[in-house]
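Right, one structure below, let's go through it.
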Protein chains: 2
Amino acid sequence: MARKKQTDDQRAARREEILDAAMHVFETQGGIAAVSFRNVAAKAGISYSAPYRYFTDKDDLLNALRARAFRWIESEMKQAMKSKRSATAKLEALARAYVTAGVSCPDRYELMFFELDNTDIARNSLELRAAKNDALGVCTDVIIEGQESGAFSDHLDPLVASHLFWTGAHGLVSLEVSGQFVMGCTIDQLIAPLFQTLQSQILNSENQDSHTIAANG
Amino acid sequence: MARKKQTDDQRAARREEILDAAMHVFETQGGIAAVSFRNVAAKAGISYSAPYRYFTDKDDLLNALRARAFRWIESEMKQAMKSKRSATAKLEALARAYVTAGVSCPDRYELMFFELDNTDIARNSLELRAAKNDALGVCTDVIIEGQESGAFSDHLDPLVASHLFWTGAHGLVSLEVSGQFVMGCTIDQLIAPLFQTLQSQILNSENQDSHTIAANG
DNA sequence: CTTTTTTGTTGACAGTGTTAATTTAACAGT
DNA sequence: ACTGTTAAATTAACACTGTCAACAAAAAAG
């Protein structure tokens, strides 16, 4: 029994070793394109087919890498929040940290969102789903905190509100990272108005059901 | 001269033929993964290396396909706008059409944004860049129209404003298409508050420089 | 008609993901 | 210690892929 347990640990350690190698290849060899079983195995010092004992698929391996990336961006957000006290400040810090992290590490961001080999979310490993939920949870928690303290309006479900922030942040990073902002419009011009808009409109109680927008005059 | 022009047309026609074959493979064989030179060439009835006379790269071929996709989503937006008169109605119709198109054709949307083999935008074909600009231009033009008619505030550059809309719409579609909305939050819950927010806050003149958001109370 | 340029074909190379067969190593039971 | 059993790791092989070089066919230019 104890024996069995130990071999499980060893197994997990080996898996982690392979993941380390994969991460190293990913970071140093130029992103996702460089991550092949043969490449990773070579870096880990094992034969090219050995990783199949630890990952069913290439997608399985990539999912594990994705999970790491989500944990990383989660920690970036938490780090940026640490010095802030109010929910408003936390929310802004978190959002800016997300964008900064994504923009400054485009390879990781690409890994997280731009490789949907199989859209089959059911195949998403529990590991990845958990990491993703935890990352989004950072935002959701701050919004809950703000609503409970009365700093934010509660006319929106915290989950919906955090999804809205995520949508904005992801749209920003995604378009920037894939080089879509052209014609003299930079991401720096967009960050402020976007988050300002999201904060004021979503977290304030006014205008919560004005479906048609009146022209100003 | 006329002779020369005609052979150019023939060449362009062949190129279009190959693109048609590529599009067919893309649509019927399961998206981007199925588009290989060999596959496309087989569908076009030529040998597997012949497309190299018309496309320098696989990326070159994909760029041409991407251009078609952008033209398509542009026409979808214009179609949806046709019945609308006011700039406000046009803007809403355009935004919804963009989201609907993207969500209902995830393969095409993936093609447009999720395959940045080379982030080198300089290599983006003129064809693609033009198609992209035209698609975004639909939104920019409506905003200009709204600003000129006084329906929208002009405190934002129309280009920046349209980029903001694009950011929101793309964030929405991108997250939806890659299956990120989980835990009981659907895209339908997000569309209305997001666009309502963008419209009212960005296109109204109030709150244009309230950098810190006051707590409501 | 000859020469040159443009198209299309085939063969080849270096990779890839993945599976099957096979060897190596570590454990359990007697 | 010698089994038998099970897991781990390796190698060979298959069916692909993008890409290029060598070559044949055809068309255009002179």
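In what follows, every chain begins at residue 1, and chains take the letters A, B, ... in the order their sequences are listed.
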- Which of these nucleotides, D:dT19, C:dG17, C:dG8, is closest to any side-chain atom of B:S47? C:dG8
- Note on the structure: Among D:dT10, D:dT19, D:dA8, the one nearest any side-chain atom of A:A50 is D:dT10
- Rounded to whole angstroms, how far apart are CZ on B:R14 and C1' on C:dT6? 12 Å
- Message: Counting distance alone, no hydrogens or angles: does the base of D:dC20 have a donor or acceptor under 3.5 Å from a partner atom on the side chain of B:S49?
- Response: yes
- Query: Does a sphere of radius 6.0 Å around CZ in B:R15 hold more than 12 heavy atoms from other residues, nucleotides or ligands, not counting ones at 6.0 Å or beyond?
  - Reply: yes
- Query: Looking at B:F113, B:F114, B:Y109, which hits ring-ring contact (aromatic ring centres under 6.0 Å, His included) with A:F114?
  - Reply: B:F114
- Figure out the CD1/C1' separation between B:I18 and C:dT9, and round it to whole Å. 14 Å
- For A:R38, report the nucleic acid contact type (base, sugar-phosphate, nothing); a contact means any heavy atom under 4.0 Å. base
- If you check every side-chain atom of B:N39, which of D:dT17, D:dA8, C:dT16 has the closest atom? D:dT17
- Nearest nucleotide by nearest heavy atom, which residue falls closer to the 5' end of DNA chain C, A:R53 or A:Y48? A:Y48
- Message: Mind checking if B:S36 touches a base, just sugar-phosphate, or nothing, with heavy atoms under 4.0 Å?
- Response: sugar-phosphate
- Task: To the nearest Å, give me how far apart CD (B:Q29) and P (D:dC16) are.
- Result: 12 Å
- Looking only at side-chain atoms of A:K58, point me to the closest of D:dG18, C:dG17, C:dT7. C:dG17
- Do the side-chain N or O atoms of B:Y52 get closer than 4.0 angstrom to the phosphate oxygens (OP1, OP2) of D:dT19? yes
- Counting any heavy atom closer than 4.0 Å, what does B:Y54 reach on the DNA or RNA strands: base, sugar-phosphate only, or nothing? sugar-phosphate
- Message: What is the separation between atom CD on A:E115 and atom C1' on C:dG17, rounded to the nearest whole Å?
- Response: 15 Å
- For the residue pair A:M112 and A:F70, establish whether any side-chain heavy-atom pair is separated by less than 4.5 Å. yes
- Could you state the interatomic distance from CG (A:L94) to CZ (A:F165), rounded to the nearest 0.5 Å? 8.5 Å
- Task: Assess whether side-chain contact (heavy atoms from CB on, under 4.5 Å) is satisfied between A:L194 and A:L198, documenting all intermediate values.
- Result: CA-CA 6 Å; A:L194 179 64; A:L198 286 172; 4.2 Å; yes
- Item | Length of the line joining B:R11:CZ and D:dA27:C1', which is rounded to integer Å | 14 Å
- Query: Within this structure, what is the CZ-to-P distance between B:F55 and C:dT7, rounded to whole angstrom?
  - Reply: 13 Å
- Task: Mind calculating the distance between CD (B:E17) and C1' (C:dT7) to the nearest angstrom?
- Result: 14 Å
- Specify the separation, in whole Å, of atom CZ of B:F37 and atom P of C:dT10. 18 Å
